[in-house]
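The structure appears right after this line, and notes come after that.
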Amino acid sequence: MIAPQVSSFRYLLPENLRELAQCSGFCLTAVVPPFIPGEKSRYSPSTVLRNFTHEAEMRLSELGAGKEQIAMVVDPLAKLAEDPALAEGFHWSRAILRSP
């Protein structure tokens, strides 16, 4: 098995799309709505990510992904859900793309 290359880029720019298009295997796309502390909001970003992580684990399992594959894709989202910086809020939605 080829070890996955891990890269990160902060913004979805055209020059980054080539790298994303070359990924194989299972992939996830999570959208976290804007969150401004103190304003009326249905769910916090942490709650959105925790719910998404749980659903993604179940769905990937249904699709035949192994525990290692699921962990590779989902664990960083679970860690992000615990990041206290999410509680500071943000004015724009966030798209999170994950693949092996």
Side-chain angles (χ1 to χ4, degrees):
M1 183 171 137
I2 299 173
Q5 291 183 336
V6 178
S7 66
S8 63
F9 41 87
R10 195 172 177 130
Y11 301 103
L12 187 60
L13 302 172
E15 57 266 22
N16 301 126
L17 293 178
R18 182 168 307 211
E19 181 183 348
L20 284 173
Q22 294 173 350
C23 293
S24 62
F26 299 101
C27 62
L28 300 175
T29 303
V31 177
V32 182
F35 177 72
I36 300 170
E39 287 192 9
K40 185 177 179 182
S41 178
R42 192 165 186 180
Y43 299 107
S44 72
S46 294
T47 301
V48 170
L49 283 173
R50 278 193 296 273
N51 290 342
F52 179 81
T53 299
H54 180 70
E55 290 177 30
E57 287 173 340
M58 290 184 350
R59 183 69 178 131
L60 289 172
S61 181
E62 290 171 3
L63 292 171
K67 289 184 180 186
E68 289 180 14
Q69 290 174 310
I70 293 171
M72 182 187 310
V73 177
V74 174
D75 283 356
L77 294 175
K79 289 178 185 173
L80 180 60
E82 302 307 319
D83 187 344
L86 286 177
E88 295 175 12
F90 39 86
H91 290 279
W92 304 101
S93 295
R94 303 288 193 244
I96 302 170
L97 311 171
R98 293 286 307 145
S99 72

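One-based numbering along the sequence shown.
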Q.
Nearest 0.5 Å, please: how far is CG in Asp75 from CD in Glu57?
A. 7.5 Å
**Q.** Distance in Å, Leu80 CG paired with Arg50 CZ, rounded so as to fall on 0.5 Å steps
**A.** 11.0 Å
Return the minimal non-hydrogen interatomic distance between [X] and [Y], and the atom names on each side.
{"X": "Gln69", "Y": "Ala65", "result": "OE1-CA, 3.3 Å"}
{"X": "Thr53", "Y": "Ala78", "result": "OG1-N, 4.0 Å"}
{"X": "Val32", "Y": "Leu49", "result": "CG2-CD2, 3.9 Å"}
{"X": "Tyr43", "Y": "Phe35", "result": "O-CD1, 4.1 Å"}

Please tabulate, for the side chains in residues 81-94, all donor-acceptor contacts under 3.5 angstrom to protein atoms that are two or more places apart in sequence or on a different chain.
residue : atom : partner : partner atom : Å
Asp83   : OD1  : Ala85   : N            : 2.9
Arg94   : NH1  : Trp92   : O            : 3.4

**Q.** Hydrophobic cluster membership, Leu60 vs Ile96, 4.5 Å side-chain cutoff
**A.** yes
Q) Can you list the residues that meet the side chain to side chain contact (heavy atoms under 4.5 Å, CB included) rule with Ala56, with sequence neighbours excluded? A) Leu28, Phe52, Val74
Q: Just jot down the side-chain hydrogen bond (donor to acceptor under 3.5 Å, both in side chains) partners of Ser44, sequence neighbours excluded, or say none.
A: Thr47
